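Okay, so here's the structure we're looking at.
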Amino acid sequence: MNIHEYQAKALFEKFGVPVPKGASATNAAECITALAGLPEGPTMVKSQIHAGGRGKGTFTDGFKGGVKFCKTKAEAKDLAAKMLGNTLVTAQTGPAGRKVGTVYFTVASDIKKEYYLAILLDRVTSRPVIVASTEGGVEIEKVAHETPEKLFKVVVDPAYGLADFQVRDLVTRLGFTPAEGKNAARMIRSLYAFYWATDAAMVEINPLITTPTGDVLALDAKVSFDDNALFRHPEIVALRDLNEEDPKEIEASKHALSYIALDGTIACLVNGAGLAMSTMDIIKHFGGSPANFLDVGGGASKDQVVAAFKIILGDANVRGIFVNIFGGIMDCYVIASGIVEAVKAVGLKLPLVVRLEGNNVAAGKQTLADSGLPIVSGDSMADAAQKIVKLAA
Amino acid sequence: MAILVNAETKILVQGITGDFGARHARLSLDYGTKVVAGVTPGKGGQFFEHGAHRVPIFNSVADAARATGATVSAIFVPPPFAGDAILECVDAGLDLAIAITEGIPVKDMVRVKRAMAGRATRLIGPNCPGVVTPGTGDKSFGGCRIGIAPGYIHQRGHVGVVSRSGTLTYEAVYQLTVKHIGQSTCVGIGGDPVNGTSHLDVIKMFNDDPDTHAMILIGEIGGNAEVEAARWIKANVRKPVAGFIAGATAPAGRRMGHAGAIVGGAEDTAAAKIAVFQECGIEVAVTPSDMADALIRAAKAKGVTLS
């Protein structure tokens with residue numbers, strides 16, 4: 001689960017990670033109140049959407065820049081009015097963009113130097129890793145690729161936690177002055193405490209800055225949480241912004257379906273994540289393009305299949321549906337009956353290819369054939385994929 | 001022979017009285033697997049009954065292992081308690097803990113894995129379909145089925161299958177069985193970013209197992225486990241190996257059902273992994289329908305007869 005920058009910074013402050021003074025607003029009246037709490041002078045206005053690349057983004061009405069530097073608070077108020085309710089398109093949002101429901105005002109800090117700091121899971125060691133760099137404010141992937149010597153990693157032993165010597169080592173390698181170093185060390189420890197206590201999947205500060213007076217601040221904050229751990233963090237679940245999520249994905253999660261919208265034309269309904277991913281791949285392999293990832297899980301009850309069909313058909317780009325079920329334990333007859341009922345319930349008009357395999361498959365296929373519905377049967381994944389690509393062309 | 005488990009292996013089921021655990025305990029008993037104990041705290045002394053089977057339930061793993069000689073646990077307990085269930089197996093000194101549970105917090109697994117360092121117990125999973133060593137009976141019955149895989153699609157034979165994904169494993173196994181090519185052992189290592197046993201761990205076991213003559217390695221986007229396994233195969237394995245990577249069309253940064261299946265950097269994409277497979281002499285299945293055929297091509301190239 002992702003949260004907004006202003007939410008992340010509020011959590012940072014609770015854990016002692018210093019951030020520039022700021023306040024958020026969702027309408028004109030709130031803008032006035034928010035700005036009243038900030039000192040007069042240079043102010044940043046930042047559109048709050050989950051996607052990155054906000055500064056270089058463009059609003060659909062032509063207004064450029066989702067993050068703006070303003071010389072005065074008055075200017076900040078005017079620019080915020082242009083952002084609120086407007087739709088911001090960035091490199092990461094896709095062409096549809098995201099509607100800006102909240103802006104965040106912060107004091108514009110004097111920047112001496114920009115750094116990079118992140119904490120995430122190191123999959124090789126199965127331990128948390130702190131990644132830091134002297135090159136902040138740029139894409140970290142680029143730094144890793146072009147100047148790996150400027151990227152520093154510290155792997156934390158979960159049995160002990162982050163050790164002081166590791167923090168000292170990082171601070172030294174990043175080249176802070178002694179005064180900055182003290183502040184940076186405190187920030188790194190606080191950020192790790194935050195990461196660990198909240199079951200964060202990743203925290204990223206890019207850039208982390210030093211100021212001419214020796215302060216160390218998190219200028220930006222990107223935080224995501226482990227979905228599997230949300231059950232023990234109701235305070236974080238409360239930060240979820242449904243406006244940032246695809247309504248179809250929200251609907252899917254209500255039916256215990258794992259759905260991700262893509263931009264192709266062939267919808268898929270599959271049991272199992274690995275099979276669902278490779279169903280998308282095989283559609284592409286035979287010249288089609290998948291409209292979604294959809295894993296109905298091990299159960300695939302009739303209600304779930306009906307819900308899945310409705311979600312799939314909510315996507316106007318869909319021109320055909322590919323159902324791929326390996327009914328290992330499940331009875332294929334039950335699955336086939338569910339599909340037939342779902343097709344009838346939603347009044348399906350689009351081509352549908354079903355590939356069923358597994359337990360009691362003959363009865364399942366017979367059920368599909370006897371339904372009188374225009375359901376095409378596929379013998380193997382490859383056969384079915386070729387059929388749906390042709391039908392949906 | 002086979003790896004990890006065989007028809008004689010005695011297993012216990014943690015969470016045997018829950019719906020999920022009970023259902024699969026029954027299927028394992030039907031398959032002929034020696035399910036000798038169940039563990040549900042507070043229900044010790046009761047019995048899990050299925051047909052002629054009467055499986056004793058214990059309050060703890062240690063009690064169950066001591067009383068029945070079980071050496072392997074199948075873990076079906078809900079995610080908030082699953083990390084604890086794994087540690088209980090470690091404390092009881094079991095050989096193997098197979099965690100089927102999906103949705104365990106990453107932090108719990110980070111701590112569990114750290115606590116298991118240097119201990120004798122091996123963990124498979126979590127979020128995995130389990131392990132099957134097919135038997136010699138009708139539809140491979142009489143084998144050892146631990147977890148949630150359909151037993152009947154297997155056939156006793158000599159191909160080792162390792163995968164992160166359940167249904168993709170079944171797909172591969174089914175393709176083999178239809179072509180009358182049997183399996184030595186099929187291992188689902190699970191779709192989570194932190195797991196107990198890697199592709200490489202299983203590949204090494206298959207390589208050392210004289211009963212395994214060829215292998216199928218099924219991977220996904222995300223992480224570098226498949227690349228690590230492929231490099232080792234290139235240096236050490238003479239047996240034919242076929243490979244498949246799922247997720248070529250997955251968008252970067254999105255979690256595709258499995259928490260581990262997120263494309264991060266340039267090296268964990270499907271294309272990058274497939275390139276490494278090819279470079280390491282692994283016959284790549286072009287589509288998931290091609291897994292058994294890819295292994296047949298690999299075997300032919302090495303002059304190995306599959307059975």
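Note that this is a predicted model, so its numbers are computed, not measured.
- For a residue to count as touching a neighbouring chain, one of its non-hydrogen atoms must lie under 4.5 Å from one of that chain's; by this rule A:E357 touches chain B with the side chain only.
- With a 4.5 Å cut-off on non-hydrogen atoms, B:A115 does not touch chain A at all.
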After noting the C-alpha distance and the side-chain angles of A:Y259 and A:F293, does the key distance pass the ring pair (Phe, Tyr, Trp, His ring centres under 6.0 Å) rule?
CA-CA 5 Å; A:Y259 172 90; A:F293 167 94; 8.8 Å; no
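- Heavy-atom pairs under 4.5 Å with chain A were tallied for B:T169, B:D108, B:L27; the largest tally goes to B:D108.
- Heavy-atom pairs under 4.5 Å with chain B were tallied for A:S126, A:A229, A:P158; the largest tally goes to A:S126.
- Atom CG of A:D157 sits in a crowded spot, with more than 12 heavy atoms from other residues, nucleotides or ligands closer than 6.0 Å.
- Most heavy-atom pairs under 4.5 Å with chain B, from the set A:R232, A:R127, A:H145: that is A:R232.
- Between chain A and the residues B:P79, B:P129, B:P150, the largest count of heavy-atom pairs under 4.5 Å involves B:P150.
- A donor atom on one side chain and an acceptor atom on the other are not found under 3.5 Å apart for A:R98 and A:T93.
- Put simply, of B:R111, B:R23, B:E171, B:K113, the one with the most heavy-atom pairs under 4.5 Å next to chain A is B:E171.
- Under the 30°/60° scheme for interplanar angles, the aromatic rings of B:H24 and B:F20 are found to stand perpendicular.
- In this structure, the side chain to side chain contact (heavy atoms under 4.5 Å, CB included) partners of A:V318, at least two apart in sequence or on a different chain, are A:A267, A:A291, A:I312, A:D315, A:I321, A:L350.
- In this view, A:D379 and A:K365, A:D383 satisfy the side chain to side chain contact (heavy atoms under 4.5 Å, CB included) rule, not counting sequence neighbours.
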